[in-house]
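Reviewing the structure listed below.
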2 protein chains.
Amino acid sequence: MSGKLPECGVARFLVLLEGPWATLVVRELLHGTLRFSQLREALPGISPHTLTSRLRRFEAFGIVTRAVYAEVPPRVEYTLTPVGERLRPVLEAMAVWASSVPQLAPASAI
Amino acid sequence: MSGKLPECGVARFLVLLEGPWATLVVRELLHGTLRFSQLREALPGISPHTLTSRLRRFEAFGIVTRAVYAEVPPRVEYTLTPVGERLRPVLEAMAVWASSVPQLAPASAI
DNA sequence: CTGTATCCCCTGGGATACTG
DNA sequence: CAGTATCCCAGGGGATACAG
């Protein structure tokens, strides 16, 4: 789908963080390393299907590392790479914008 | 779709700028007021269908104003509102991130 | 020039159920 | 616990054609 997009830097960001949940997952990981179940708790409403999908993409893009610990019960931890950490200013800018626009069109959106 | 998302500020941003083209349209309008045809030229590959769809949403959210001039041929100009202008830092942050990560996983993405 | 109308495809995302 | 497997839906986006 992204093949038709202009090849600018912003476009690469948009492909990586495609979909509403992607950014929210990154946002949680900016708090530090988290396990799969911790991400699910931190993101009420997300399905395991979606969460796995986003994490796999993040791994492929190199913004997240996946550490598996052979324990019982099993433990898997996800951590942002330095490249992923560098997304922090972007997320902060989003938050700043949102806080500066308290009332935004709700159901009026098409 | 967004009904299940957490109600945080970032989520509102994500709903507004849903889809890869949305952000790119805003990016062009940050250069100043543009006509429909100018946006199409600046965004090679976008269909009129998609462009109209995004612009209508932006109007509904109040980040873009639509000015129609009853001329022949007709002229319609789109301009960012102050709220829309405030998105500039976010786009800049995205660009900074992208420029700091020259090589990002291409076809390896799922 | 500035759209609108159809029709179609793809992918994000949800629900549910089921393993190692 | 950490997923995977299916099936399904909604909406973004493209292509084409047509209208004011």
How close or far is atom [atom2] of [N] from atom [atom1] of [X], stated in whole angstroms?
| X | N | atom1 | atom2 | value |
| --- | --- | --- | --- | --- |
| B:Leu39 | C:dC1 | CG | P | 13 Å |
| A:Leu14 | C:dG12 | CG | P | 14 Å |
| A:Tyr69 | C:dG20 | OH | P | 24 Å |
| B:Leu43 | D:dG14 | CG | P | 10 Å |
| B:Arg54 | D:dG11 | CZ | P | 11 Å |
| B:Arg57 | C:dG3 | CZ | P | 18 Å |
| A:Leu5 | D:dG12 | CG | P | 15 Å |
| B:Leu16 | D:dG12 | CG | P | 12 Å |

Distances under 3.5 Å only, N/O to N/O: pair up the protein atoms with those of nucleotides 2-8 of chain D.
from, atom 1, to, atom 2, distance (Å)
D:dA2, OP1, A:Arg35, NE, 3.1
D:dA2, OP1, A:Arg35, NH2, 3.3
D:dA2, OP1, A:Val76, N, 3.3
D:dA2, OP2, A:Ser37, N, 2.8
D:dA2, OP2, A:Ser37, OG, 2.7
D:dG3, OP1, A:Arg56, NH2, 3.3
D:dG3, OP1, A:Arg66, NE, 3.3
D:dG3, OP1, A:Arg66, NH2, 2.6
D:dG3, OP1, A:Tyr78, OH, 3.4
D:dG3, OP2, A:Tyr78, OH, 2.6

For this session: Can you sort out the partners of A:Glu85 under salt bridge (charged side-chain N to carboxylate O under 4.0 Å, His left out), two or more places apart, ordered by chain and number?
Result: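 Listed in chain order: A:Arg88.
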
Exercise. A:Glu71: what forms a salt bridge (charged side-chain N to carboxylate O under 4.0 Å, His left out) with it, not counting sequence neighbours?
Worked result: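 Partners of A:Glu71 by the salt bridge (charged side-chain N to carboxylate O under 4.0 Å, His left out) criterion, ordered by chain and then number, come out as A:Arg75.
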
For this session: Kindly state each residue pair satisfying side-chain hydrogen bond (donor to acceptor under 3.5 Å, both in side chains) with at least one member in residues 32-42 of chain B, sequence neighbours excluded.
Result: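 Counting only pairs at least two positions apart or across chains, the side-chain hydrogen bond (donor to acceptor under 3.5 Å, both in side chains) contacts touching residues 32-42 of chain B are B:Thr33-B:Thr79.
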
Problem set entry | With sequence neighbours excluded, residues passing side chain to side chain contact (heavy atoms under 4.5 Å, CB included) with A:Pro89 |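 A:Pro89: no side chain to side chain contact (heavy atoms under 4.5 Å, CB included) contacts found.
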
Problem set entry | Set of side chain to side chain contact (heavy atoms under 4.5 Å, CB included) partners for A:Val76, sequence neighbours left out |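 With sequence neighbours excluded, A:Val76 shows a side chain to side chain contact (heavy atoms under 4.5 Å, CB included) to A:Arg66, A:Val68, A:Tyr78, given in chain and number order.
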
Exercise. Does B:Val83 offer a backbone N or O that forms a donor-acceptor pair with the side chain of A:Trp97 under 3.5 Å?
Worked result: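 Checked: pair present.
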
Exercise. Which residue pairs satisfy the salt bridge (charged side-chain N to carboxylate O under 4.0 Å, His left out) criterion with at least one member in residues 19-29 of chain A, sequence neighbours excluded?
Worked result: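 Of all non-adjacent pairs touching residues 19-29 of chain A, none passes salt bridge (charged side-chain N to carboxylate O under 4.0 Å, His left out).
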
Problem set entry | Of the listed nucleotides D:dG14, D:dG12, D:dC1, the one nearest the side chain of A:Pro73 |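 Of the options given, the side chain of A:Pro73 lies nearest D:dC1.
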
Exercise. Does a nitrogen or oxygen in the side chain of A:Thr50 sit under 4.0 Å from OP1 or OP2 of C:dG13?
Worked result: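 So the side chain of A:Thr50 is outside the cut-off, no N or O lying under 4.0 Å from OP1 or OP2 of C:dG13.
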
Exercise. Between C:dC9 and A:Lys4, is there an OP1 or OP2 to side-chain N/O distance shorter than 4.0 Å?
Worked result: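 Indeed not, no polar side-chain atom of A:Lys4 lies that close.
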
For this session: Not counting sequence neighbours, which residues clear side chain to side chain donor-acceptor pair (under 3.5 Å) with B:Thr50? List them please.
Result: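 B:Ser47.
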
Exercise. In degrees, rounded to 10°, what is the bend between the two ends of the helix from C:dC1-D:dG20 to C:dG20-D:dC1, using five pairs at each?
Worked result: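 One end axis against the other gives 50°.
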
Problem set entry | Joint hydrophobic cluster, B:Ile63 plus A:Val96, side-chain heavy atoms closer than 4.5 Å |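 The answer is no; the residues belong to distinct hydrophobic clusters.
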
